Amino acid sequence: MFLRFSLTAASLALALAVSATAFAAPQAKKDLTPQQQRMADCNKQATGKKGDERKAFMSSCLKGEAAAPAKMTQQEKMKACNADTKAKTLKGDDRKKFMSSCLSGGAAASP
């Protein structure tokens with residue numbers, strides 16, 4: 001009889017402990033420090049970024065710096081520079097010079 005009572009008491013104590021931790025978990029989530037909240041926000045914004053790009057983004061985000069504008073890929077630069085040469089009707093050497101300058105970042109180059 002004493003063994004049955006002990007097992008019942010132990011079961012009850014275990015059930016109370018489990019339910020207490022289950023109710024305490026949501027409360028702990030609400031009490032984030034400002035740094036923890038910033039980390040959570042930056043982490044959500046960094047979704048899809050990997051490697052060095054993610055590391056650089058997280059660093060600047062956690063410092064509170066504004067996000068730098070996204071760099072154009074080489075393919076996007078090529079498309080934009082080609083459109084500019086068509087708009088300016090450049091041909092031959094003038095086109096080559098313009099494309100070289102445009103792709104290297106000097107898009108304001110003129111023939």
Side-chain angles (χ1 to χ4, degrees):
M1 175 111 171
F2 181 72
L3 180 64
R4 186 181 295 170
F5 177 73
S6 296
L7 287 175
T8 305
S11 301
L12 185 59
L14 182 62
L16 286 173
V18 169
S19 65
T21 58
F23 287 113
Q27 180 63 25
K29 195 170 190 175
K30 290 181 183 178
D31 299 335
L32 295 177
T33 65
Q35 179 64 21
Q36 289 171 328
Q37 186 62 47
R38 189 177 310 127
M39 183 70 167
D41 294 343
C42 291
N43 200 30
K44 285 179 187 173
Q45 293 173 12
T47 304
K49 293 176 174 43
K50 294 184 179 186
D52 289 339
E53 179 187 11
R54 180 182 170 79
K55 189 184 281 188
F57 173 80
M58 288 297 287
S59 177
S60 65
C61 183
L62 291 172
K63 290 177 187 173
E65 298 171 354
K71 292 183 179 179
M72 290 178 74
T73 64
Q74 186 66 21
Q75 189 173 14
E76 291 169 335
K77 283 183 188 178
M78 192 72 155
K79 207 180 249 188
C81 292
N82 269 330
D84 288 347
T85 60
K86 287 179 184 175
K88 295 179 180 186
T89 61
L90 298 175
K91 300 204 189 266
D93 288 337
D94 289 340
R95 183 182 186 285
K96 280 184 184 179
K97 286 177 187 175
F98 178 82
M99 287 295 289
S100 176
S101 174
C102 182
L103 292 173
S104 67
S110 60

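No hydrogens, no waters, no symmetry mates; every other heavy atom, side chains included, goes into these values. Owing to the predicted nature of the structure, the values given are computational and were not obtained by experimental measurement. Residue numbers start at 1 and run along the sequence shown.
Taking CD of Gln74 as the reference point, atom CG of Leu103 lies at 5.5 Å (rounded to 0.5 Å). For the atom pair CG of Asp84 and CZ of Arg95, the computed distance is 11.0 Å after rounding to the nearest 0.5 Å. Remark: Met78 CE to Cys81 SG distance equals 8.0 Å, nearest 0.5 Å. Between the CD atom of Glu53 and the CE atom of Met58 there is a distance of 13.0 Å, given to the nearest 0.5 Å.
By the 6.0 Å contact criterion, NZ on Lys96 is open, its count of non-hydrogen atoms from other residues, nucleotides or ligands being 12 or less.
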With a 3.5 Å cut-off and sequence neighbours excluded, list the donor-acceptor pairs that the side chains of residues 36-48 form with protein atoms.
from  : atom 1 : to    : atom 2 : distance (Å)
Gln36 : OE1    : Thr33 : N      : 2.9
Gln36 : OE1    : Thr33 : OG1    : 3.3
Gln37 : NE2    : Asp41 : OD1    : 3.1
Arg38 : NH1    : Gln35 : OE1    : 2.7
Asn43 : OD1    : Arg54 : NH2    : 2.4
Thr47 : OG1    : Lys44 : O      : 2.7

Trace of the side chain to side chain contact (heavy atoms under 4.5 Å, CB included) decision for Asn82 with Met99
CA-CA 8 Å; Asn82 269 330; Met99 287 295 289; 3.5 Å; yes
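Taking each heavy atom of Ser101 and Ser104 in turn, the nearest pair found is O-OG, 3.0 Å.
Distance alone, capped at 3.5 Å, is enough to place a donor-acceptor pair between the Ser60 side chain and the Phe57 backbone.
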